[in-house]
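Below: the structure, in structure tokens.
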There are 2 protein chains.
Amino acid sequence: MLVNAAVARSTQSFPPAVGRGLPAGDMAPLDRLGTLVDVARDATLFYEGDLADHLYRVVSGAIRLCKVLPDGRRQLAAFFLPGDLVGLDLGSSHSFAAEAITDSVVLKLPRQRVETLVGENPRLGRALLSLAVERLVAAQSQMVLLGRKNATERLASFLLGLIERTGQAASDRPTLTLTMTRADIADYLGLTIETVSRTFARLKQLNAIALPHPQRVVVRDRELLEELAEEAD
Amino acid sequence: MLVNAAVARSTQSFPPAVGRGLPAGDMAPLDRLGTLVDVARDATLFYEGDLADHLYRVVSGAIRLCKVLPDGRRQLAAFFLPGDLVGLDLGSSHSFAAEAITDSVVLKLPRQRVETLVGENPRLGRALLSLAVERLVAAQSQMVLLGRKNATERLASFLLGLIERTGQAASDRPTLTLTMTRADIADYLGLTIETVSRTFARLKQLNAIALPHPQRVVVRDRELLEELAEEAD
DNA sequence: CGGAGTATTGAAACCTATCAACAATTGTGG
DNA sequence: CCACAATTGTTGATAGGTTTCAATACTCCG
């Protein structure tokens, strides 16, 4: 499951998507420590209930944060892409599990080292606070989606969010590669896989998107997608 | 709307419910600055889109954090009780509005002062980070509720959460006073007022609660309520 | 090429929303 | 303190979107 990867330390820079809000380079000190770890598809970074004694930075691949209810219902709270930090709830017990959606590489940072670093480097502390707040705002916006939006609005919002996060925002006809399955999307949007599938069909029929392949989405009409998403912003 | 209150500074200590997780007294420095402000029922602390240039601490009353979609659908992201901090997303634009549920008093802290204080006092920064993470975890747990739970499970979870937050946890037969209306509860749980009302009736019929008054809930069977809530924890 | 996993599509059931009427509570003024 | 009006909450009947159950198609890979 968790296998040490070829230790390619060096001063490599990770893709964006981290402190998309404010401080960018302030997170850099974190990359100086920690070990690179390979995580196979569907392997677990940490389980719900585990002590949160490590912080992870996604180097490549994709991670899902999820919880399973006693009767098997599942809800995803977030998708993490390269550059993202996983496991901010340091010190407590994880209330969600983290699993690899595809074969991934993560940088694993011991909690203690992180805290030492934060103690020495106030800017890093500030950057982490900004990041946590940013995540909180995103979570609240997902609460609006889950609480009040219908299936079409949910999927449209999801696709628009992916466009933002993957840096396709500038493109006039953004193309997305969905690393996650319909089940993951469904559990993230609070729907079933069947409804997700039907809703993809609806978006296709409305000419908002094309679906040359189940995993490949071509946005044909971004404005329409935005109307369908009913974003308040 | 926003009226300056009698300036009762002093070293009064606010009710708990703040850093319920880890650092408690580390938040204290915040109370040294800022002005007390009266907020009338249904008045607005800040609107969605406003620049977040103040942090608020609830002294008395209750605050709701909410967003309204273009067509009028509303979703609440949080209820804030005495001791809670409102407006953590300092520096950006508020993505949610904050409104008083009842006549309330809040301590209003200018952003700049807060940031200065954080710069001088690393423990405060750490406390704010813990708080933000705690909020994030709560938001994620609310995502499970909104995405996967039915009406009964939602209301049961909501009542149990209130018991925790209001310090009734120890009581064998906790009694809650609901300061918010059915509409607020509905918009927090992603339901309609009718469904909330019917679900209260169901909980009453199951003898999980008694409802001597629409605003007063007596928990008659906490274990049953916990079973009904289907909490994964 | 064939089998496992994944995605799509159809029909029926179910839970919640909607529309509507009524009851209870609160607040106000006489 | 009562009466009325306005607000808030409850309850009923129906409609509707999503889920569930089921069958079929597609994709990936050995």
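This structure is a prediction, so every number in the text was calculated from the model and none was measured. Below, all heavy atoms of this structure are taken into account, side chains as well, without hydrogens, waters or symmetry copies.
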Q) With no angle test and no hydrogens, is the base of dC19(C) tied to the side chain of Glu194(B) by a donor-acceptor pair under 3.5 Å? A)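 By the distance-only test, yes, there is a pair.
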
Q.
Within the structure provided, determine whether Leu160(A) and Arg222(A) are in side-chain contact (heavy-atom separation under 4.5 Å).
A.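 In short, these two side chains touch, coming nearer than 4.5 Å.
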
Q) Can you find a pair of side-chain heavy atoms, one from Leu85(A) and one from Arg135(A), that are under 4.5 Å apart? A)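 Side-chain contact under 4.5 Å: yes.
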
Quick one: [X] [atom1] to [N] [atom2], roughly how many Å, whole number?
X	N	atom1	atom2	value
Leu191(A)	dC15(C)	CG	P	18 Å
Arg182(A)	dT18(D)	CZ	C1'	18 Å
Leu178(B)	dT25(C)	CG	C1'	15 Å
Leu211(A)	dT9(C)	CG	C1'	14 Å
Leu155(A)	dA7(C)	CG	C1'	14 Å
Arg148(B)	dT19(D)	CZ	P	7 Å
Ile101(A)	dT6(C)	CD1	C1'	16 Å
Arg41(A)	dA4(C)	CZ	P	17 Å

Is the shortest side-chain N/O distance from [X] to OP1 or OP2 of [N] below 4.0 Å?
X	N	answer
Thr192(A)	dT18(D)	no
Arg198(B)	dT16(C)	no
Thr195(A)	dT18(D)	no

Q.
How long is the straight-line distance from OG1 of Thr179(B) back to CG of Leu81(B), given to the nearest 0.5 Å?
A.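 The OG1 atom of Thr179(B) is 7.0 Å from CG of Leu81(B), to the nearest 0.5 Å.
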
Q.
When you compare the side chains of Glu231(B) and Ser157(B), does any donor N or O come within less than 3.5 Å of an acceptor on the partner?
A.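 Looking only at side-chain atoms, Ser157(B) and Glu231(B) do form a donor-acceptor pair, the distance falling under 3.5 Å.
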
(Q) Regarding Lys108(A) and Asp53(A), does a basic nitrogen lie under 4.0 Å from an acidic carboxylate oxygen? (A)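 Salt bridge absent between Lys108(A) and Asp53(A).
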
Please work out if [X] contacts a base, only the sugar-phosphate, or nothing of the nucleic acid, heavy-atom cut-off 4.0 Å.
X	result
Leu189(B)	nothing
Ile193(A)	nothing
Ser197(B)	base

(Q) Judged by each residue's nearest nucleotide on DNA chain D, which is more toward the 5′ side, Lys149(A) or His213(A)? (A)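 Nearest nucleotide further toward 5': that of Lys149(A).
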
